[in-house]
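Below: one structure, written as structure tokens.
These numbers come from the heavy atoms of this one structure, side chains and all, not from hydrogens, waters or symmetry mates. The first residue of the sequence shown is numbered 1, and numbering continues consecutively from there. Indexing begins at 1, ligand by ligand and atom by atom, following the structure's order.
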Amino acid sequence: MTDSSDRPINATETVCPLCAVGCRLAHGEDGRAKGCEGPANPNSRLCAKGATAFEAVRADDRLTTPLVRRDDGLVPTDWSTALDRVVSDFEAVCDAQGSDALAFFGAPRCTNEENYLLQKLARTLGTNNVDNRARLCHASAATALETRFGWPASTNRLTDLMDADLLLVVGANPAMQQPVAFDAFVRPAVVDGTTLVHIDPRKNETTRIADQHITPRPGTDALCIHIACSLLVEHDHVDTSFINERTSNYEAFKAALTNIDIDEDLQTTGVDSETLIDLADRIGTADRITVIGGTGIEDDGDETTTTDALLNILLLTGNVGRPGTGFTLLRGLNNEQGAVDMGCRPDILPGHQSLTDEAARRRVADVWDTEPPSDPGRNEYEALDAFGTAVQGALVVGENPAIEKRDADWVAHQLDALKTLVVLDVFPSETMQHADIVLPAAVGLEKAGTITNLDRRVQRLSVTASPPGMARTDYAILAALGERLIGDRFAPADPETAFDELRAVNPLYDGLSDVVNERWPVDNDSILYADGFATHDGRAPFVPLNPAVTPPADDELILVVGSRAGGFDVEHTETTDDRVWLNTVDAAMRGIEDGDHVVVATGDITVTTTAAVGEDVREGTTYLHANMADPLVRSASGTPTVTVTLGKNI
Ligand SMILES: Nc1nc2c(c(=O)[nH]1)N[C@H]1C(S)=C(S)[C@@H](COP(=O)(O)OP(=O)(O)OC[C@H]3O[C@@H](n4cnc5c(=O)[nH]c(N)nc54)[C@H](O)[C@@H]3O)O[C@H]1N2
Ligand SMILES: Nc1nc2c(c(=O)[nH]1)N[C@H]1C(S)=C(S)[C@@H](COP(=O)(O)OP(=O)(O)OC[C@H]3O[C@@H](n4cnc5c(=O)[nH]c(N)nc54)[C@H](O)[C@@H]3O)O[C@H]1N2
Ligand code: SF4
Ligand SMILES: [Mo]
């Protein structure tokens, strides 16, 4: 690995690779990134993180040579040796157990063209075992949106936020996590009179401009919204013509509302009746309502209850398909939306087309010269379970599965159980420690191609520097692997021609221009579902809910986690608040004062830190930054609701 700082960086305008907002930027004379006017950053602003974007280009710890594992560890080698080793390892796995013994992980940090090539490689080899982490990071919300409305994506445009009368920000902190979009579209709306209601067990930077802060007990948001729905129905604050013309299953939904016992249920949520009546009143009287959802609305396992409740309230009040209405999904990583649009999921083809849709299969087969397999593959969660048994080889592109919300030792064991693990990364990572072959890649600022931001806008990247040493773009690496594993016609010559190919198989991207600075679907560059939902009957179903809630034991607090993040930018630019936050009442019960040393525990796992006592978190909960919460979260193996005990460290 060599110092790469002497490579020239040109000042061509491109898109920030550090989050899903998609701000435009260029290399500034002082070495920092400077903002360039773009649709997501119309004021040419960047956030503090975006300003450091070129640090990854200049960093002296970049991976610069392919590495292969020998008896004495990972050793540098040339490209040909490394690629040949991947091919022989993968062929050995396929010969022994078939192509479903391979799994492909990636790649929300990579371009659309790279994601397209990754899933094409998996499917051409004969497996649908292809997925990406970011889908799992917003799994509940994306699944609910897809099932109810048609597409796992924001229904609206960022600019539409300016037209809302009421913004419901739920389980999110856009003032901190998507600051440029927040300052360009949310803050001015609020200054102009839009009401912002923040629903979150903890006060954060977003709360500062909120008109109302509602703090349901974690896990009871759905119940809270469900109660609000019952008040809206009771007071006839519903949009009857929208319900009749655009939705289905309303009667069943209405019947489920009768199960509500307002007093008892409100007690469960920990929200007082005045607050909830106020919320229902704001919702009932607003003409245009938008929900902004973050990682705090993710439910346990496959459940989608919280998002379902939020979508119910939008349908009940006719708040989808018009300016100022809808659902903004605050995606995190720069090309999270593109990775799913490209089909890096085990159950869909590019363009969110079903694996069994005959027309879609034909479209793909005509271009690929081969039929994709029709049985859904394993998602990342399931694939990791099967490492060392049904899955023996994995290709990981720009992800770090060693860092999981599951037990660290178990994850390490699973990664080691593979016959072959191939990692494409730009920096050394925890996953790389388990790899058999490591292929050095380029960062986003060194790439051509396109990415899709959190409001479905597809933007073209420009190359601002060449990758360091022997590193290559993920596109070039995947193309070289495809050539060896499939044949020389596998990959289009470059990302530009790959964009032509992906437009031919992905109807949502069909019609995007070559220059691209457009949102999909092209023929409706406005708001999804203005005329009908993308469901089989054009209607969006109500989902009757019976939100079940298990209260924690008396001595336990519910752990609230914030500042969720992908690792690499954080490591390079951000600091962690390492204190554990608790409410004055809970602190007094435990004899804890501000600044005391405390132990936070779940089962055998403990985190030792100092206490921050105040009113910022609601009673019954305690807050930790994601980096601090990690061991506790991981011990709970993937369930977002973690309960902990907290006591003085004596
Ligand atoms: N600077 C910076 N920005 C980033 C990132 C980064 O690393 N650095 N990472 C990006 C990524 S990958 C992501 S996914 C996004 C994350 O973006 P956000 O989801 O907006 O970020 P968090 O700070 O995790 O906010 C989650 C909020 O949910 C709340 N919460 C927790 N449990 C519950 C609950 O049960 N109900 C409710 N209503 N709220 C709850 C927490 O208190 C917290 O305020 O940020 C992106 N932006
Ligand atoms: N325990 C725990 N688990 C979590 C979270 C948590 O806070 N705690 N957060 C969750 C969230 S919100 C998210 S989004 C995910 C993030 O999960 P990941 O995306 O797996 O996490 P990162 O560490 O960001 O890993 C990305 C890797 O990609 C590399 N990389 C960056 N750009 C490129 C590129 O262009 N090409 C290639 N080949 N590599 C690149 C980086 O060096 C890094 O090693 O994790 C989720 N899981
Ligand atoms: S908000 Fe996101 S895209 Fe914009 S500068 Fe910051 S990190 Fe980059
Ligand atoms: Mo994320």
Output yes when a side-chain donor or acceptor of [X] lies under 3.5 Å from a complementary backbone atom of [Y], and no otherwise.
X	Y	result
D211	V197	no
S429	M432	yes
N41	L46	no
D221	T306	no
N583	V617	yes
T14	S462	yes

Notebook entry, point to check: Quick one: does R331 get a heavy atom under 4.0 Å from ligand 1?
Noted result: no
Check: Hey, is T306 one of the residues with a heavy atom under 4.0 angstrom from ligand 1?
Finding: no
Near [X], which atoms of ligand 1 are under 4.0 Å from a heavy atom of that residue?
X	answer
G294	19 (O)
V560	31 (C), 41 (C), 42 (O)
P218	35 (O)
G562	23 (O), 24 (O)
N204	44 (O)
C137	14 (S)
G219	35 (O)
D221	34 (C), 35 (O), 36 (N), 37 (C), 38 (N)

Is there a polar contact between ligand 1 and [X], counting only N or O atoms under 3.5 Å apart?
X	result
K49	yes
N173	yes
I199	yes
Y623	no

Next item on the list: Validate the cation-pi geometry between R157 and F185: distance from NZ or CZ to the six-membered ring centre under 6.0 Å, angle to the ring axis within 45°.
Entry: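 No, R157 does not lie over the aromatic ring of F185.
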Check: Thinking salt bridges, do E404 and R133 make one under a 4.0 Å N-O criterion?
Finding: yes
Note to self: Please check if the number of heavy atoms outside E205 that lie under 6.0 Å from its CD is greater than 12.
What the structure shows: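 More than 12 within 6.0 Å, yes.
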Next item on the list: Kindly check if the number of other-residue, nucleotide or ligand heavy atoms within 6.0 Å of CG (D30) is above 12?
Entry: yes
Item checked: Those atoms of ligand 3 less than 4.0 Å from some heavy atom in G22 ->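 Those atoms are 3 (S).
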Checklist line | In the protein, N/O/S atoms that are found under 2.8 Å from atom 6 (Fe) of ligand 3, waters not counted | finding: C47 SG
Next item on the list: List the steps and the verdict of salt bridge (charged side-chain N to carboxylate O under 4.0 Å, His left out) for D200 and R202.
Entry: CA-CA 5 Å; D200 198 303; R202 177 181 182 244; over 6 Å; no
Note to self: Parallel, tilted or perpendicular, judged at 30° and 60°: which one describes the rings of H352 and W520?
What the structure shows: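 It falls in the tilted class, 30° to 60°.
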Listed pairs under 3.5 Å, donor-acceptor, residues 442-452 side chains, sequence neighbours left out:
residue : atom : partner : partner atom : Å
E446    : OE1  : R62     : NH2          : 2.8
E446    : OE1  : V443    : N            : 2.8
E446    : OE2  : R7      : NH1          : 3.4
E446    : OE2  : R62     : NH1          : 2.9
E446    : OE2  : R62     : NH2          : 3.4
K447    : NZ   : E114    : OE1          : 2.9
K447    : NZ   : D474    : OD2          : 2.7
T450    : OG1  : N112    : ND2          : 3.0
T450    : OG1  : E113    : OE1          : 3.3
T450    : OG1  : E113    : OE2          : 2.9
T452    : OG1  : N112    : ND2          : 3.0
T452    : OG1  : Y509    : OH           : 2.7

